[in-house]
Amino acid sequence: MPTPTDQPDHPVVTRFAPSPTGDLHVGGARTALFCWAYARGREGAFVLRIEDTDRKRSSAGAAREAMRDLAWLGLDWDQGPDPAGGERGDHGPYFQSERLPIYETHLERLLEADRAYHAFDTAEELDAKRAAARAQKVAYRYDRAGLEVPRAERLARAAAGEPHVIRFRTPDRPVVITDAVLGEATLPAGEVDDFIIRKADGFPTYHFAVVVDDALMGCSWVFRAQEHFNNTAKHLLLQEALGFDHPTYAHFPLIMNPDGSKMSKRDKDKAVRAEVRQRGIEAPPPDSIDPGTFSAWLSDKKAQLDHDDLVRLAAALDVQLPEINVRDFRRSGYLPEVLCNFLALNGWSPGDDLEKFDNAFLARSFELGRVQKTAARFDRDKLLAFNLDAIQAMSPEAFLDRVRAHGERYHPDFLARLGDRQFELLVESSRERSKTLDELFRTNHWLLEDDERLAWPVTKPVRKAMFKGEPTGLSLLAEVRALLEGTEPFESGHLETALGAWAAEHCEGNLGRIAQPLRIAVTGGPVSPPIFDTLEMLGRERVLRRLDRCLESLSATEEAG
RNA sequence: GGCCCCAUCGUCUAGUCAGGUCCAGGACACCAGGUUUUCAUCCUGGGAACAGGGGUUCGAAUCCCCUUGGGGUCACCA
């Protein structure tokens, strides 16, 4: 049973087959990206199949979201569900839950040939055996208890409707797996047991469905994550029993957290929990999440907040959630083309010290021989640097469009409170300091703050800018007020000229002496876009009001201590 | 624990398959300077790795073995 590593006569058909049990994980996204690239680079076809054989955990919503995420990444498929309705391709349906009769046909063949059998073990019996194996520190393998029931009886009991599963009768011999990236591996005989191929609820298991579908859909190349490597033996055996050709397998290295742990949705919960614990928080911040939910979560270390609550709580605590799923990266303001580029670099590289490229290049250049065998640790800092570079390379117009689209999706309230010109100015002045599309929404709350409620907490940089030096920033502020009142028009360029001249006279030409106190006065803190833009965004009236209140507030502070 | 796989800077990686041009290259991060009205950017420079031990060979990051370390898997989940 040779597994072909090269199939010159086969058209290239790859597939991505997510299980719609939650958001699309970045690891899954990378698998999809590589599958897509391989097909696109070889005039092949890319199939999307939804593996929803787990009735309890699958949802149509998750499948829709996965398709939306793939589309966002720029990955299109030739065959599979069509998000607009219906499906593309001739080998559908592409939801496994709709293919039950097909699986039954092939199951029947196995049953008839006695290559599979009905088994009536209860879940409790199996659990007990597993626990026993664990206690003895040996690997659990199904003991074929089901085969002790004579075949005729098995058939009769199944026909009578007794609950059962169907198991594959695994041949007792070693299995050689040939993998296009890992090479050859031999699993010794007995390593693969009589695994279940149809569950008690009548649905096929992953192993059975994947083998049948890959064969029927003509998928000649199976790419997936390394966690599936050992499963390949089961699939190879099933293909033989069913008389199917073996596809070429390639297993990609896993993508791990920076600390080497598995990247999982739990990490987000952990990040928030760690922050809550570290700050000793005992009740949720006002307007975040339900106090009952919060305390139940806090008191149970194993509990996980649902995603929306987590996002709300993280926002209230100003905690950055680690991005795990594609939609997390989207929400954080990463560019899809950058995410693809970076994801491709985790596990593959084109060589020649080249690391910036687009999906078209990836499609042209991707080859299995250059795929890494070792797990990669996901470095968000480097991703961020890539995202920054891409943003800096964008035209101001393109950046404006993309930030606006991002804002409409994730910060509609922010957008609604700004005038067009105000928003454009904010975006323009933020571009060269933006690492993500989301950053300017997070760091410019001063713009939305009510003038009458703005406060000036005296932090170290504030003290330095306002109270130190001779004259102090605070006194310079009082002097510059008249200038601001008279500058016409109240616009960035004019303000720059006027304040520049004023600084030459009053600050020995050192603009910083007045810029920083001004920034603090009008924003409440030491960080904002360039000062002239900051002033224009606010407008004269608000600038003066904030200035007056600041003078009042900080003069009192200065006198007090 | 059984079985399978893997191993180059802190991280992603080039170089490995066809041994010499590699006292190991790039990027991110880091450190030190510099530019800058804050922050961020930007510029210059720097430290930083072939896991260890045996072989094979004139010659090993590259081939072989062992040790160590890491990962995967052992579900009526995929």
Side-chain angles (χ1 to χ4, degrees), chain A residues 17-21 51-54 56-58 119 121 123 126-127 130 133-134 136-141 163-167 177 179 182-183 185-188 190-193 195-201 203 205-207 209-210 224-233 251 253-254 256 258 260 262 342 345-356 369-370 372-386 388 392 430-435 439 443 461 465 496 499-500 503 510-520 523 525-532 534:
Chain A
S19 164
T21 53
E51 308 220 320
D52 55 349
T53 52
D54 183 335
K56 286 186 275 294
R57 300 198 302 155
S58 299
D121 314 77
L126 295 174
D127 284 346
R130 254 193 296 273
R134 198 185 166 77
Q136 288 173 58
K137 292 195 167 187
V138 294
Y140 167 76
R141 296 286 179 268
H164 64 273
V165 299
I166 296 179
R167 286 181 182 269
I177 301 171
D179 184 277
L182 293 173
T186 305
L187 298 200
E191 199 46 37
V192 181
D193 65 3
F195 55 98
I196 293 173
I197 54 180
R198 191 180 74 179
K199 306 178 230 181
D201 66 3
F203 275 57
T205 58
Y206 162 70
H207 301 115
V210 81
R224 48 176 36 162
Q226 259 174 36
E227 59 195 2
H228 282 298
F229 187 77
N230 286 29
N231 287 336
T232 309
H251 290 89
L254 265 22
M256 316 292 279
K262 213 165 183 169
F342 187 71
L345 243 25
N346 276 252
W348 181 81
S349 75
D352 293 331
D353 292 337
L354 179 68
E355 35 177 30
K356 299 285 180 67
R370 298 193 63 89
Q372 208 74 19
K373 296 177 179 175
T374 320
R377 296 179 187 217
F378 196 84
D379 183 357
R380 289 188 184 76
D381 286 333
K382 186 160 178 173
L383 206 215
L384 209 50
F386 272 40
L388 170 90
Q392 302 314 319
S430 299
R431 188 171 71 94
E432 66 173 7
R433 72 204 69 244
S434 287
K435 294 188 174 182
E439 208 171 313
T443 57
E496 181 161 8
L499 274 162
N510 190 347
L511 188 62
R513 292 289 319 273
I514 185 60
Q516 200 55 2
L518 252 181
R519 186 188 318 279
I520 291 164
T523 69
V527 178
S528 85
I531 188 61
F532 312 111
T534 298

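Lettering of chains follows the sequences in order, A, B, ..., and the numbering in each one begins at 1.
Comparing the P positions of B:rU16 and B:rU62 gives an interatomic distance of 12 Å, to the nearest angstrom. Between B:rA49 and B:rC9, the distance separating the two P atoms is 9 Å to the nearest Å. A distance of about 8 Å separates the C1' atoms of B:rC30 and B:rG10, rounded to the whole Å. Using C1' as the reference atom, B:rC42 and B:rU35 are 8 Å apart when rounded to the nearest Å. Across B:rA78 and B:rA51, the matching P atoms stand 39 Å from one another, rounded to whole Å. Only the C1' atoms considered, B:rU8 is 9 Å distant from B:rU13, to the nearest whole Å. Between B:rG72 and B:rA32, the two P atoms lie 37 Å apart (nearest whole Å). Annotation: B:rC28 and B:rA14 have their C1' atoms spaced 15 Å apart (nearest Å).
Using a 4.0 Å heavy-atom cutoff across all strands shown, A:Phe532 reaches at least one base atom of the nucleic acid. Within the nucleic acid shown, A:Ser528 comes within 4.0 Å of at least one base atom, counting heavy atoms only. No contact: A:Gln392 has no heavy atom under 4.0 Å from any strand.
For B:rG71, its base never sits under 3.5 Å from the side chain of A:Glu227 at any donor and acceptor pair. For A:Arg513 against B:rU37, a side-chain-to-base donor-acceptor contact under 3.5 Å is absent.
Picking from B:rC5, B:rU11, B:rG71 the nucleotide with the shortest atom distance to the side chain of A:Arg377 gives B:rU11. Nearest to the side-chain atoms of A:Asn230 among the listed nucleotides B:rC4, B:rU38, B:rC77 stands B:rC4. With distances taken from any side-chain atom of A:Val527 to the nucleotides B:rG1, B:rG25, B:rC39, the minimum falls on B:rC39. Distances from the side chain of A:Leu388 to the nucleotides B:rC42, B:rC12, B:rU38 place B:rC42 closest. In the set B:rU73, B:rG26, B:rU37, B:rG26 carries the atom at the smallest distance from any side-chain atom of A:Glu355. Set against B:rU38, B:rC74, B:rA78, the side chain of A:Tyr140 has B:rC74 as its closest nucleotide. Of the candidate nucleotides B:rC3, B:rG25, B:rC28, B:rC28 has the atom nearest to the side chain of A:Asp379. Closest to the side chain of A:Lys382, from the set B:rC6, B:rA78, B:rG26, is B:rG26. Of the candidate nucleotides B:rG15, B:rC4, B:rU37, B:rC4 has the atom lying nearest to any side-chain atom of A:Ala185. Of the listed nucleotides (B:rC12, B:rC74, B:rG72), B:rC12 has the atom at the smallest distance from the side chain of A:Asn346.
Take the nearest nucleotide of RNA chain B for A:Asp352 and for A:Glu496: the residue whose nucleotide is more 5' is A:Asp352. The 5' end of RNA chain B is approached more closely, in terms of each residue's nearest nucleotide, by A:Phe342 than by the other of A:Leu511 and A:Phe342.
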How far apart are the C-alpha atoms of A:Ser528 and A:Thr523, what are their side-chain angles, what is the distance that settles it, and do they pass the side-chain hydrogen bond (donor to acceptor under 3.5 Å, both in side chains) test?
CA-CA 7 Å; A:Ser528 85; A:Thr523 69; 5.1 Å; no
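Taking 4.0 angstrom as the limit, A:Thr186 places none of its side-chain polar atoms (N or O) nearer than this to OP1 or OP2 of B:rC4.
One N or O on the side chain of A:Asp201 and one on the backbone of A:Phe203 form a donor-acceptor pair closer than 3.5 Å. With A:Asn231 contributing its side chain and A:His207 its backbone, the two residues share no donor-acceptor pair below 3.5 Å. Although no hydrogens or angles enter the test, the distance criterion places a donor-acceptor pair under 3.5 Å between the side chain of A:Gln392 and the main chain of A:Arg431.
At least one side-chain heavy atom of A:Glu191 sits less than 4.5 Å from a side-chain heavy atom of A:Arg141. For the pair A:Ser19 and A:Arg57, the minimum side-chain heavy-atom distance is 4.5 Å or more.
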